[in-house]
Student: 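First the structure, which I've put down as structure tokens, then a few questions once you've had a look.
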Number of protein chains: 2
Amino acid sequence: MNMKEKGQESQLKLENFLCFAIYSTANAVTRAYQPRLTALKLTYPQYLVMVVLWEEENQTVTAIGDKLSLDSGTLTPLLKRLEAAGLISRRRDKADERQVLINLTDEGRAMKERAESVPIAMGQAFGCTMDEARGMRAELIGLRDNLVASLDEAK
Amino acid sequence: MNMKEKGQESQLKLENFLCFAIYSTANAVTRAYQPRLTALKLTYPQYLVMVVLWEEENQTVTAIGDKLSLDSGTLTPLLKRLEAAGLISRRRDKADERQVLINLTDEGRAMKERAESVPIAMGQAFGCTMDEARGMRAELIGLRDNLVASLDEAK
DNA sequence: GCATATTAAATTGCACGCAATTAAATTGTA
DNA sequence: TACAATTTAATTGCGTGCAATTTAATATGC
């Protein structure tokens, strides 16, 4: 085996894949949140939507989608489930009937308090210091922005 | 607002969530791979399975699942699609009929060469140095192992 | 003013992920 | 040797993600 072959082979080894580290860690995150969220009867993406709404109410589907990088194909059915669960309301904006405004119900607003324990418990599960978490978050967001930029360039 | 409230509020802000950084970066990775993989007519998880098989043939479903942290509920239909695409074969192990051995077809094996360009192109898209990539990979895997351990402890 | 373009959400179709269950084969164990 | 326990895939059901299309409302250009 010459050097070139050796170099290329290492490129195609799973253990060297940064993408797989991200992929498998993301799956592990979802699995780790699951037991903490079943008490709230939320899935992990539903929890993220609730976090966005706890920060700011009366948001459009697009505004929520921009923050979570999700489109209406994902959000519409998810929001309908949150509505069916009595946590949010969906109503057309009178001023612009194209838009749907999402608001918390009293029940959805009240859930915030019970949800406070979730990130605290998860902080334990991550098993890293706040500083390490901050560092990784910054690195990941940098990576994510690079990926988004490379996609934008391509079109 | 007192200090305690301020502290708790910051815990529930999306921008502070390490989990969301991982989640949204993982989604971005899948989207970024997509254009590179459509030439091979593979989805991103299918590509990962092929990577595992290019490293070692004649693996059971469980062996592949252990490497990718996926179960038969995910893998069985995925492997059937790869079989339908003519890239792999699935056959019961004669020595232990419970197991299904997955092998590459000639076509699947031949695809490896065309796939060599994918991680190289993605390296560009990530926009970080090899050393940075190695560092992040190690940090993510550490995090993932902590999450898995916390789940194991819970049961 | 009116046709065209754009925008927002919903819909459709497909492929994951994963919990839970099932079916079949093998292992262990009295 | 019987028979219970374990192991391996497959199956079922549900909730995402996302590309592509559709529908309805609004903005734009002539």
Side-chain angles (χ1 to χ4, degrees), chain A residues 20 23-35 37-38 41-50 59-66 68-85 90-102 147-148 151 154-155, chain B residues 20 23-35 37-38 41-50 59-66 68-85 90-102 147-148 151 154-155:
Chain A
F20 175 66
Y23 165 85
S24 60
T25 304
N27 287 345
V29 165
T30 304
R31 284 194 296 266
Y33 266 87
Q34 184 71 15
L37 292 177
T38 43
K41 293 188 181 174
L42 292 176
T43 65
Y44 179 65
Q46 287 168 8
Y47 167 71
L48 290 178
V49 169
M50 293 302 289
Q59 297 196 65
T60 64
V61 174
T62 300
I64 296 170
D66 285 346
L68 297 177
S69 300
L70 296 173
D71 67 5
S72 67
T74 299
L75 284 175
T76 297
L78 187 157
L79 291 168
K80 283 181 178 175
R81 282 180 209 110
L82 289 179
E83 185 184 35
R90 299 161 65 241
R91 63 181 173 77
R92 290 278 165 185
D93 185 351
K94 287 291 177 199
D96 184 345
E97 292 274 354
R98 288 173 303 183
Q99 301 188 137
V100 169
L101 291 170
I102 308 298
L147 291 172
V148 170
L151 267 180
K155 60 175 190 186
Chain B
F20 175 67
Y23 165 85
S24 60
T25 304
N27 287 344
V29 165
T30 303
R31 285 194 297 267
Y33 266 87
Q34 185 70 15
L37 292 176
T38 43
K41 293 186 181 174
L42 291 176
T43 65
Y44 178 67
Q46 287 168 8
Y47 167 70
L48 291 179
V49 169
M50 293 301 289
Q59 297 196 64
T60 64
V61 174
T62 300
I64 297 171
D66 285 345
L68 298 177
S69 301
L70 295 173
D71 67 4
S72 66
T74 300
L75 284 176
T76 297
L78 187 157
L79 291 168
K80 284 183 178 174
R81 281 178 210 111
L82 289 179
E83 185 183 35
R90 299 161 64 241
R91 63 180 172 77
R92 290 277 165 186
D93 185 350
K94 286 291 177 199
D96 184 344
E97 292 274 356
R98 289 173 302 182
Q99 302 188 136
V100 169
L101 291 170
I102 308 298
L147 291 172
V148 171
L151 267 179
K155 63 176 186 184

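Residue numbers start from 1 in every chain, and the chains themselves are labelled A, B, ... in the order their sequence lines are given, proteins ahead of strands.
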Student: Specify the separation, in whole Å, of atom CG of A/Leu101 and atom P of C/dA8.
Tutor: 13 Å

Student: Could you tell me whether the phosphate oxygens of C/dA10, OP1 or OP2, come under 4.0 Å of any side-chain nitrogen or oxygen in A/Thr76?
Tutor: yes

Student: Give the rounded distance in Å between these two atoms: CZ of B/Arg90 and C1' of D/dT8.
Tutor: 13 Å

Student: Does A/Thr30 reach a base, just sugar-phosphate, or nothing at all? Heavy atoms under 4.0 Å.
Tutor: nothing

Student: If you find the nucleotide of DNA chain D closest to A/Pro77 and the one closest to A/Glu97, which residue's nucleotide is nearer the 5' end?
Tutor: A/Pro77

Student: Looking only at side-chain N and O atoms, does A/Lys80 come under 4.0 Å of OP1 or OP2 in C/dT11?
Tutor: yes

Student: Quick one: is B/Gln46 getting a side-chain N or O under 4.0 Å of the C/dC16 phosphate, OP1 or OP2?
Tutor: yes

Student: If only side-chain N and O atoms of B/Lys41 are considered, is one of them under 4.0 Å from the OP1 or OP2 phosphate oxygen of C/dA15?
Tutor: no

Student: Taking the side chain of A/Arg98 as its heavy atoms from C-beta onward, which of C/dT7, D/dA10, C/dG17 lies nearest to it?
Tutor: C/dT7

Student: Determine whether B/Leu79 and B/Ile102 make a side-chain contact, defined as any pair of heavy atoms from C-beta on separated by less than 4.5 Å.
Tutor: yes

Student: Could you tell me the separation between the CG atom of B/Leu75 and the P atom of C/dA19, rounded to a whole number of Å?
Tutor: 14 Å

Student: Tell me the interatomic distance from A/Tyr23, atom OH, to D/dG17, atom P, rounded to whole angstroms.
Tutor: 12 Å

Student: Quick one: does A/Ser72 reach the base of C/dA10 with a side-chain donor-acceptor pair under 3.5 Å?
Tutor: yes

Student: For A/Leu37 and D/dT16, give me the distance from atom CG to atom P, rounded to whole Å.
Tutor: 11 Å

Student: Just wondering, do A/Leu48 and B/Phe20 contact through their side chains at under 4.5 Å, heavy atoms?
Tutor: yes

Student: Within the structure, does a side-chain N or O atom of B/Arg31 lie under 4.0 Å from either OP1 or OP2 of D/dG17?
Tutor: no

Student: Without decimals, in angstroms, what is the distance between A/Leu78 CG and D/dG17 P?
Tutor: 8 Å

Student: What's A/Thr43 touching, base or sugar-phosphate or nothing? Going by heavy atoms closer than 4.0 Å.
Tutor: sugar-phosphate

Student: Expressed in angstrom and rounded to an integer, what is the separation of B/Tyr33 atom OH from C/dC16 atom P?
Tutor: 16 Å

Student: 5'-most contact on DNA chain D: B/Asp71 or A/Leu70, nearest heavy atom basis?
Tutor: B/Asp71

Student: When the ring planes of A/Tyr44 and A/Tyr33 are compared, do they come out parallel, tilted or perpendicular, using 30° and 60° as the limits?
Tutor: tilted

Student: Would you say the side chain of B/Leu82 lies within less than 4.5 Å of the side chain of B/Leu42, judging by non-hydrogen atoms?
Tutor: yes

Student: Which comes earlier along DNA chain C counting from the 5' end, the contact point of B/Ala95 or that of B/Ser69, where each point is its nearest nucleotide?
Tutor: B/Ser69

Student: Out of C/dC16, D/dA25, C/dA25, which nucleotide sits closest to the side chain of B/Arg81?
Tutor: C/dC16

Student: Which nucleotide sits closest to the side chain of A/Val100: C/dT7, C/dA10, D/dA9?
Tutor: C/dA10

Student: Mind checking what makes salt bridge (Lys or Arg N to Asp or Glu O under 4.0 Å) contact with A/Glu83, not counting sequence neighbours?
Tutor: A/Arg90

Student: Find the distance A/Leu151:CG to D/dC18:P and express it as a whole number of Å.
Tutor: 11 Å

Student: Counting heavy atoms from C-beta on, name the nucleotide in D/dT8, C/dT11, D/dC18 closest to the side chain of B/Thr62.
Tutor: D/dT8

Student: Counting side-chain heavy atoms from C-beta on, which of D/dT16, C/dA19, C/dA10 comes nearest to A/Arg92?
Tutor: C/dA10

Student: Do the side chains of B/Ser69 and A/Asn27 get nearer than 4.5 Å, heavy atoms only?
Tutor: no

